[in-house]
Trainee: 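The structure follows.
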2 protein chains.
Amino acid sequence: MPLTATGIYAAALRLIDVDGVEALTMRKLATALDANPMSLYHHVANKHAVLRGVARMVGTQFRTVALEDAPWQERIRLLATDFRTLAHSHPKLMGYSFSHQADFIQPEDPFLVALTAILDAAGVPHSELPQFTALGGVVITGVVTAELNGALHRWSSLKPPTVGEDGLTPPSSDVRVFRLTLDTIIMGLESQLGAEGDFQGADH
Amino acid sequence: MPLTATGIYAAALRLIDVDGVEALTMRKLATALDANPMSLYHHVANKHAVLRGVARMVGTQFRTVALEDAPWQERIRLLATDFRTLAHSHPKLMGYSFSHQADFIQPEDPFLVALTAILDAAGVPHSELPQFTALGGVVITGVVTAELNGALHRWSSLKPPTVGEDGLTPPSSDVRVFRLTLDTIIMGLESQLGAEGDFQGADH
DNA sequence: ACCTGAACACCGTTCAAGT
DNA sequence: ACCTGAACACCGTTCAAGT
């Protein structure tokens, strides 16, 4: 089969899933496609474009259900969980994309659009929406990134301070800390929104 | 002057501050030190060790004042601000370290030790301390990383949803979103801690 | 103990030449 | 239009040889 940009991205994704982004090489990518290394350059501009293409290809798969009738707390939880699921489907790629491709999540991407809509429904004043969207995006991507690169696991496996006891805490799963972070930020948002924090977008 | 490990780290840091981690090369590092590229390998194991050494060198500089009498909310704010200041002193290195060196922040590092102590003083039960420490670490490093790589700025510059007006929002500085995130997570923690959330560690 | 030249096994990418 | 061989300008690192 002939070379195509999407075919190249798909092959690159397979290699990345196995060996990580750092190990990806134009030459290895070519042999995986049974092609001459130089042939790739007829379909992609350079290696950076390959990585951008792969990230975009996976990022496009992100979908979250609307669920407009549910309370905003529930909707934000679902959005974050859907995002986490996508990240875990290609952890090596996503860990790279979050940190290296600052533009991986674009303003018009479904993730940020949905987040903005939810915060709007929650009653965040329009003038504050961008800041609250950024806040939500930071916390969600932050906790997922920390889970992907292992920091979340290491930090939550600390022994309780200097109590000098056995020092072993029952292993707290990453998903538990993920949920705790989500709950905490939601509670913080409720406080920020004051009394009308439980507004549920009644009939709209 | 003769080559030393710390001298190599210092030179590497200077190069990184200017051109970023990706542009750092053992050969460039050697010429910056007026040395033969191969001479470096007598003092450092390899390039990865150089990056680890530089990160450790900068990370060691992190200091935060104790301030044990202040309310925990104030202490956590100060800790996060000190951390942000350190990150901004070498943004290129820190942006790299947070994402690539999952072990950049070690359990016994002052940052996590202080964070644990503050959350302990705030009244977080001992059994939950590791999870809350991870949560705090994730949010603080997450928002600072997003600021360093520009995501925070881009996301907070979004136009308010589909109101179709001018579409221009006054530029909201990164530090404003940083503070908003901090305030929100602190409020969330207060909610999680319930009524005793305003415990201030009275006389201890 | 410390340095170094040559060399190895790679990279990404350009370009002229092929079909 | 698409492919490709050769080549360029780099990499990190090994190793034997020097002082």
Side-chain angles (χ1 to χ4, degrees), chain A residues 1-58 92-93 95-97 99-104 149, chain B residues 1-58 92-93 95-97 99-104 149:
Chain A
M1 53 191 164
L3 288 176
T4 63
T6 47
I8 291 173
Y9 299 153
L13 180 57
R14 282 192 295 273
L15 292 184
I16 289 171
D17 280 342
V18 176
D19 292 323
V21 175
E22 285 72 18
L24 182 71
T25 277
M26 293 301 275
R27 291 164 136 107
K28 284 196 231 169
L29 181 53
T31 65
L33 284 160
D34 251 324
N36 183 289
M38 298 312 118
S39 303
L40 305 186
Y41 286 91
H42 263 270
H43 303 91
V44 296
N46 48 38
K47 185 180 180 179
H48 186 249
V50 172
L51 292 176
R52 223 179 342 107
V54 176
R56 205 192 153 283
M57 187 183 173
V58 173
K92 303 224 173 82
L93 172 72
Y96 172 89
S97 298
S99 40
H100 288 252
Q101 318 234 31
D103 59 344
F104 173 62
N149 73 19
Chain B
M1 50 190 167
L3 288 177
T4 63
T6 47
I8 292 173
Y9 300 152
L13 180 57
R14 282 192 294 272
L15 293 184
I16 290 171
D17 280 342
V18 176
D19 292 323
V21 175
E22 285 71 20
L24 183 70
T25 277
M26 293 300 276
R27 290 164 136 106
K28 284 196 231 166
L29 181 53
T31 65
L33 285 159
D34 250 324
N36 183 290
M38 298 312 119
S39 304
L40 304 185
Y41 286 91
H42 263 270
H43 303 91
V44 295
N46 49 37
K47 185 180 180 180
H48 185 248
V50 172
L51 292 175
R52 222 175 347 105
V54 176
R56 205 190 154 284
M57 187 181 173
V58 172
K92 302 222 173 84
L93 173 72
Y96 171 88
S97 298
S99 39
H100 287 253
Q101 319 234 28
D103 59 344
F104 173 61
N149 72 20

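All chains are named by letter (A, B, ...) in the order of the sequence lines, taking the proteins before the strands, and each is independently numbered beginning at 1. Side chains included, hydrogens not; waters and symmetry mates left out as well; all remaining heavy atoms used. For clarity, every value in this text was computed on a predicted model and none was experimentally measured.
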Trainee: With rounding to whole Å, what would you report as the distance between C:dA1 and D:dA17 at their C1' atoms?
Mentor: 15 Å
Trainee: Can you tell me how far C1' of D:dT13 sits from CG of B:L29, to the nearest Å?
Mentor: 15 Å
Trainee: Which one, C:dT13, D:dT4, D:dC11, comes nearest to the side chain of A:N46?
Mentor: C:dT13
Trainee: Which whole-number value in Å describes the distance from B:L24 CG to D:dC10 C1'?
Mentor: 15 Å
Trainee: Could one point to a donor on the side chain of A:H42 or the base of D:dC3 with an acceptor on the other under 3.5 Å away?
Mentor: yes
Trainee: Pick out which of A:L24, A:L51, A:V58 makes a side-chain contact (heavy atoms from CB on, under 4.5 Å) with A:L93.
Mentor: A:V58
Trainee: What's the shortest heavy-atom distance between A:A32 and A:L15, and which atoms?
Mentor: CB-CD1, 4.1 Å
Trainee: Base, sugar-phosphate, or nothing for B:M26, non-hydrogen atoms under 4.0 angstrom?
Mentor: sugar-phosphate
Trainee: Could you tell me which nucleotide pairs with D:dC10 by Watson-Crick or G-U wobble geometry, both distances under 3.5 Å, or answer none if nothing does?
Mentor: none
Trainee: B:H43 and B:A5: which non-hydrogen atoms are nearest, and at how many Å?
Mentor: O-CB, 4.0 Å
Trainee: Please pick, from C:dG12, C:dA7, D:dT14, the nucleotide with the shortest atom-to-atom distance to any side-chain atom of B:Y41.
Mentor: D:dT14
Trainee: Write down the distance between CG (B:D34) and P (C:dT4), rounded to a whole number of angstrom.
Mentor: 10 Å
Trainee: In whole angstroms, how far is the P atom of D:dC11 from the CG atom of B:L40?
Mentor: 13 Å
Trainee: About how many Å separate OH of A:Y96 and CG of A:N149, when rounded to the nearest 0.5 Å?
Mentor: 15.5 Å
Trainee: Within this structure, what is the CG-to-C1' distance between B:N36 and C:dT4, rounded to whole angstrom?
Mentor: 5 Å
Trainee: Figure out the NZ/P separation between B:K47 and D:dC10, and round it to whole Å.
Mentor: 15 Å
Trainee: Taking any strand in view, what nucleotide pairs with D:dT4 in a Watson-Crick or G-U wobble way, both distances under 3.5 Å?
Mentor: C:dA16
Trainee: Could you measure between the two C1' atoms, the one in D:dC10 and the one in C:dC8, and give it in whole Å?
Mentor: 15 Å
Trainee: So what does B:S39 touch, heavy atoms closer than 4.0 Å: a base, only the sugar-phosphate, or nothing?
Mentor: base
Trainee: What is the separation between atom CE on A:M38 and atom C1' on C:dC15, rounded to the nearest whole Å?
Mentor: 11 Å
Trainee: Out of C:dC3, C:dC11, D:dT13, which has the shortest distance to the side chain of B:R27?
Mentor: D:dT13
Trainee: Take atom CG of B:L15 and atom P of D:dC11, then tell me their distance rounded to the nearest Å.
Mentor: 12 Å
Trainee: Can you name the nearest heavy-atom pair linking A:G7 to A:L33, along with the distance?
Mentor: O-CD2, 4.1 Å
Trainee: For a quick test of reading the model: is some side-chain N or O of A:T25 closer than 4.0 Å to OP1 or OP2 of C:dG12?
Mentor: yes
